Amino acid sequence: HSSDYYHRLHSLTCQTSNDKDPVVREQVRKSILTLGKQQPNKVLSMCQDYLVKHPKVRHHHCYCHLLLISYCVDYPKIKSIISLASDEMTRSKDVVPDWQQAASNILVAVGNKYINDIMEEILSKFQPGILPHFFVVQTLASLSESNVYGMVPFLNAILGTMLPMLGMAKQDNMKWVFSSALSHFSESILEYLANLDKAPDPTVRKDTFSSDIYAAYDILYCSWLQSRESKLRLTVAEAVGSMSHLMAHDKLEEQLPKLIPTILSLYKKNTEHYVISKSLCQVLDASVNMGSRVLETQIDSLLTTLNQQVRQSDSPLMAQYNAMLRELASNTFPDRLVMFVLQKLENSNERIRMGSLAVLRHLINSSKSIMETKKLLILASIRQPLADHSNKVKKRVVQVISAMAHHGYLELEGGDLLVKFIIQHCALPDTYYVRLSYPQSVLCSMLYYLTVILCLSLQVLWPMLLYYLTPGQYSNATTPLCKSLTLLGTKKRASQELFLCLACKSGCACVSQVNGSFPFRSRGHGAPSLSLLNVISPNIHPNAETLWEKEIPALLSYLEGKGPPLNDPRVLEPFLAKSLVAIADDKWSCQLAIEATRYLSTYNQSLEEKGFLYRCVGVTLQQCSNKEVVQKQLQEILISARHNDAMERAGVAMGIGLCASSHLDATLAKLDDFGKSDAFKKASGIFSLLKDKNDLDVEKMKSTLILCYGYVALHAPEDQILSRIDSDILRSISNLYLLLFPQALYKDTFNALQELLRNILARDLSPDGLQSVFKHIEEWLSSGQDHERERAMNTTAHILEFYFNNLHVKNMVTFHNLGSLLGRLAPRCTDPNPLVRRAAIDCIYTLLYIHDQLISPNDQLISPSDQLISPSDHKRLPQQQLNTLIFMLFEGLVDSQSNCSRASSVLLNTLLKHRGAGLQDLVSEMLEVLHIRLQMISEEQVKVSVAQSILILATQHLQTVINTLISYPLPFDSWSCEMWIALGADSKLASQIMEMLMEKLNIMVPYVDKKESMMRGGLTKVATSHPLAMTCALKEMMLNGQSQDAVVSLFPQLFSSLLVRLGSSLGVTLPKDINIILIEGLTPLSVCSWVCRVAVEALRILLARAQLDHVVKPLDQEGAWDKMKDPQQHITGVTLLARAMAKHAGPRLPAIVECLCPCLNNIYECQRVTITAFFSELLNHHVVTELMMMDVLMNNMMERISDPCCTVRMLAVRGLGNIAVGSPEKVHMEGGGGGGGVLALRGLLNIAVGSPENVHMEGRGGLLVENDEIRCASIMLLGNLSKFGSGEPVFKDQIHNVLVSLLLHLSDPNLQVVKACKYAMRVCAPVVGSELITTMFQNHLHEDKSLHYGEFINDLTKYLIQDFPGMLNFYHITVIQFFKSNWAEVRAGAAMFIGR
């Protein structure tokens, strides 16, 4: 039946294998292949039969079956397969590639293993004088490639037969296949000869084939190579290259003058150059190997042609060209090749220069010994490419420099030009690299690479790179320069060779200071500059080393994001001051001031950096005691400053003011001299009629001078400056300006300001134009000074009125800055200054009229009060403007005027209430802003309003609010806590949030186990962040008194969730991403308990919020909360909690128990321990019977008896024991009924005496827990429960089952276990069923009396034999199981028992 089944199945698949759909054909092929793997012989036979019976089958159909057979060639019936494949391959005289190739593939695959059988079949169709089938030759070629060692012995005969056939081949396809076969035959012979040690016939020699190969070469070269068919020419060329290695040396030498030019000419005739290059490479290799003399005559044409190919070739061909060049350079004509390449570097053709550079790079890398004497020549020749303007050439130059650096060129004379080239290109602006299409990072990496290579040549590279550090034109290269210098400096410092001249020391210090102050500019030069400064600190000054090793790493940590952000450059000013104090070298300080002043001009294009350098000069001059140097540098600063630039004027003033803190007299004197200098004198006479720029320059210099006096007054010592303000400073200023009457000055100035603003606004009456004017006023609207706010508001009202009156709109325009303007002005409507309030209201009305006019130029104006909130009006404030308005109101929450901040909060909440539903995408951002604002709000009423804002957002976007607040860093700061507390204000919303948090808390992983360290293999429990954050969130919400209704309604769920969370928090450490410094009251000893502390605090707050003070009070008194956090006393703490709940909150327990029961099956052992401890204690109280919870709790304890955790089992046993105390009537009832009591006893016996699931096996049958406490407790409990089992047969059977174990453990090494055994046997004695044994147990087994074990066992065995003869065999088997006990005393007792 199986055979018929396969036959029908195969027949069906064969019929469908010729389906028109290629997907169907592929699926059929896979199906037959699957059948072939299961029944290869049957399927193979059926495929073969099908092909024999259907000789005219369509080609695709046949191809499918031939492929299938090719998968099964490893199976028997090889002869028939070979014959079938050969017939299929040659059946049609025409070439049909698909199926004939498949048949050929079968023969090749079989030939790898059965070469003799294959050759017998193939050679029968490869007869002398008859032109063979195309695929016969193709198969021979493929066999020579796949089975070299099997085919080469046949090749001599095959070549002899093939040579006459070459003249018979008239068609191009036959010429192609013969050429391809000759190429494969040659490659196989060469491989065979190269591995004669592995060959089956080591006597084979190259001259065996030379004559035949040459004869074939003559036909290929003289006739076929001239074919018009490109594909044939390439195949013939490839064959000629392979055959050249097998030709006799004299024959090859004779052919080279004709062969090489012929191959070179093929480059022009064919677009596919790879095969031509491969052939040429093989011919050159053969020529060089035999020491050809004719090759020299071809060198010029070779070099010319190869150079042309190199410059236009892609990377796949470069390997061939490089190999040919290597042959020419390393063995034959190195001088001519090098000179040829260097001459081409000067060619005007860009591609020729690029090709020559590529060749030069290869020669430098691959011909080290030959190129050694030509290094200076190459260095001299490379200068011209260094100045090349072509970006493509520059890319090649960089590659050549990399090669030269690796081979020692940079250390020679002229090598510095190569380093300069790299540095110059590192310093180019970023826009240049777009044109260069070469990443700037590559060049920077190149510079560092050069440094690594040249580390041994420190004396060369160190001063070279130092030179480029300070000039301004190389500022963009500072980062790679500093990294390289840091590496070199580290090496020199280690070898104690670090040396800098005084000017270099000062220059490095100045540049590093400025770069470190603006660390992210010039491609992030701050960190590398400071690192360099740290490395060279001993050479800068010995006194700086200690300070800098402490200070600089701290600054670097800022830049790496490990500390507060370094946004203010003045952070480095104290560093400079500290350094100067620590160095305490006046000569050094003076030199630093001189160098810093000299470097000022290099920062003319970087004004912020220049301003900082001015301040550095001032700080340095503070420490200079040389008065002459101080005055000279002040003079230099004032004269060389560019006074027309406001930023530079400020920098000059700050620097001079800092200097005045130590040199007040000298500074004032120099400022006075500068004010009286010729620079301040205006032109007189006829020239004064011309308004030249000199007037403007003088006014700017006056501004500089006044600023300088201001900063002098700011920084000078108080005890000195007060007496100099009138006598020097104000006198000098009054000489510069004629003061006007203040009131008139104010009026004129204010009018001039309004006129100026009107003129500016008139140029651009668009929303953008309005914003460009308003931005200069808005910061004054919230000033703490009444008069400043009044002036700013009046000016705003003036420009808005002017804008509205001059607005002429034809088409609708978007008032995109309306929200920003309203946000600034609306809070001012409640300003304490009535003038400000009135002007603010006028401004808002004008603004909204402007908005209406812009969006509806042809409509009637409507009331502004209808435009903000009404959801039905199409002219209300657009959503995008509403977003901007809301964020501006956020800023208003911290307004300097409390009235305005309260107004901002009221308006904010109104907007959120009516239109907050459309702000989904901004919720997270708004919460973050509110979090930041809470930190700055001091007004209590505003804080309440912010809480209301959070509540409004939560009612509209609850999930987003919860996700955002949960993601805040732990521990929650006080402002995050306030936000959570705010969510507890609405009882309904609080219930939703608590349910969401509990749902996630119950399913998320509470902790993960991580290795403590690589050295120690232990695991540490590390809390997961989200569950910890949710616990903190629940705690904070419950602190809100308005959450009481929610807490009471969800009390059972909250209690159970927090109790389980408490269990899983025990012994769990904080995640590493939590900053423990922020945790209040945390000590090193309490770090590990903080996670648990959060759960305990949440549980206590829950009880208090649920008004269970009578539960909390005893727990406080007994220290239960601390015990719950302590891993050693956790069970005690939970027991106290259960006891208090049972005594004072009994009615709440059924719902709690219902919530906790499913958690007993949790995978986390710590959670099961906590819940079992809680349940165990509940069973100690009669309330569980009253509330009908006994069965549920007892059943759960019975299930926990088989828990894999030892502690859980102990607690379960304790719980079952507590039944006798808490509900003795339950035990009586169950015992009398033979139900639950029996189950309890049986479970206890399993725990105490044997259960494969829970306890450790002693020998094969004797099972006992190793924990002494559990063993003792179980045995005691057994005794207690047996009091209720008197008269029940099942109890009697159970006592006899454990009797032997109890007897043997009377000699247990643990004294408490011995006492427990005595007690249990004494109270169980009436159940045994023997008066003699009962009397004996009650007389001799007392806990406080000693027992003569041998005599006791001797007497007992007599009674057992007498009263229970049918149990002897059972006792005997049981005792034998104890012979393999872990306790020697028990094994000895077992032996004694058997002996008795």
Side-chain angles (χ1 to χ4, degrees), residues 980-981 983-985 987-988 990-991 993-995 997-998 1001-1002 1030-1063 1065 1092-1125 1129-1157 1159 1167 1170-1189 1192-1193 1218 1222:
W980 278 110
I981 292 172
L983 294 177
S987 181
K988 182 179 179 181
S991 297
I993 297 173
M994 289 176 181
E995 288 175 351
L997 293 177
M998 286 189 292
L1001 196 61
N1002 292 336
M1030 291 173 186
T1031 309
C1032 295
L1034 284 172
K1035 182 186 77 170
E1036 298 301 332
M1037 286 183 66
M1038 291 187 295
L1039 286 174
N1040 192 321
Q1042 297 176 341
S1043 67
Q1044 182 171 329
D1045 291 344
V1047 168
V1048 171
S1049 65
L1050 295 174
F1051 180 79
Q1053 296 92 323
L1054 286 168
F1055 185 89
S1056 58
S1057 293
L1058 290 176
L1059 185 63
V1060 172
R1061 175 64 188 168
L1062 170 62
S1065 303
C1092 197
R1093 188 179 91 183
V1094 172
V1096 168
E1097 289 176 354
L1099 195 57
R1100 189 183 186 285
I1101 293 170
L1102 170 67
L1103 294 173
R1105 185 60 61 212
Q1107 295 184 324
L1108 295 177
D1109 295 338
H1110 42 288
V1111 175
V1112 176
K1113 184 176 180 180
L1115 293 175
D1116 289 344
Q1117 293 172 347
E1118 295 170 344
W1121 308 113
D1122 291 334
K1123 292 176 181 177
M1124 290 182 205
K1125 293 182 287 186
Q1129 303 183 72
H1130 176 70
I1131 293 175
T1132 304
V1134 173
T1135 301
L1136 292 172
L1137 175 63
R1139 184 179 303 164
M1141 290 295 292
K1143 289 182 178 179
H1144 305 291
R1148 299 180 186 264
L1149 289 176
I1152 292 174
V1153 170
E1154 182 180 355
C1155 293
L1156 285 174
C1157 281
C1159 301
Q1167 295 178 351
T1170 300
I1171 300 169
T1172 307
F1174 187 79
F1175 282 4
S1176 176
E1177 177 58 26
L1178 291 182
L1179 286 169
N1180 203 23
H1181 300 273
H1182 195 264
V1183 68
V1184 297
T1185 303
E1186 297 173 356
L1187 297 173
M1188 294 183 290
M1189 295 187 294
V1192 174
L1193 292 174
N1218 286 343

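Keep in mind that this is a model prediction, so the values were computed, not measured.
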Carboxylate-amine/guanidinium contact D1122 K1125, below 4.0 Å: yes

Rounded to the nearest 0.5 Å, how far apart are CD1 of I1171 and SG of C1155? 11.0 Å

Indicate yes or no: does D1045 engage K988 in a salt bridge with an N to O separation below 4.0 Å. no

Just checking, R1148 and F1051: is the charged tip under 6.0 Å from the six-membered ring centre and within 45° of the axis? yes

Should the ring pair F1055 and F1174 be called parallel, tilted or perpendicular, given that the plane angle runs from 0 to 90° and is split at 30 and 60? tilted

I need the S1056 OG to R1061 CZ distance, nearest 0.5 Å. 14.5 Å

CG/L1039 to CD1/I981 distance, rounded to the nearest 0.5 angstrom? 5.0 Å

Please identify which of these residues, L1115, D1116, V1111, meets the side chain to side chain contact (heavy atoms under 4.5 Å, CB included) condition with R1100. D1116

Once rounded to the nearest 0.5 Å, what's the spacing between atom CD of Q1044 and atom OG of S1049? 11.0 Å

Main chain of H1144, side chain of H1110: is a donor-acceptor contact present, judged purely on distance under 3.5 Å? yes

In Å and rounded to the nearest 0.5 Å, what is the OG1 to CZ distance from T1170 to F1175? 11.5 Å

One should read off an interatomic distance between M1038 CE and L1054 CG, to the nearest 0.5 angstrom, of 6.0 Å

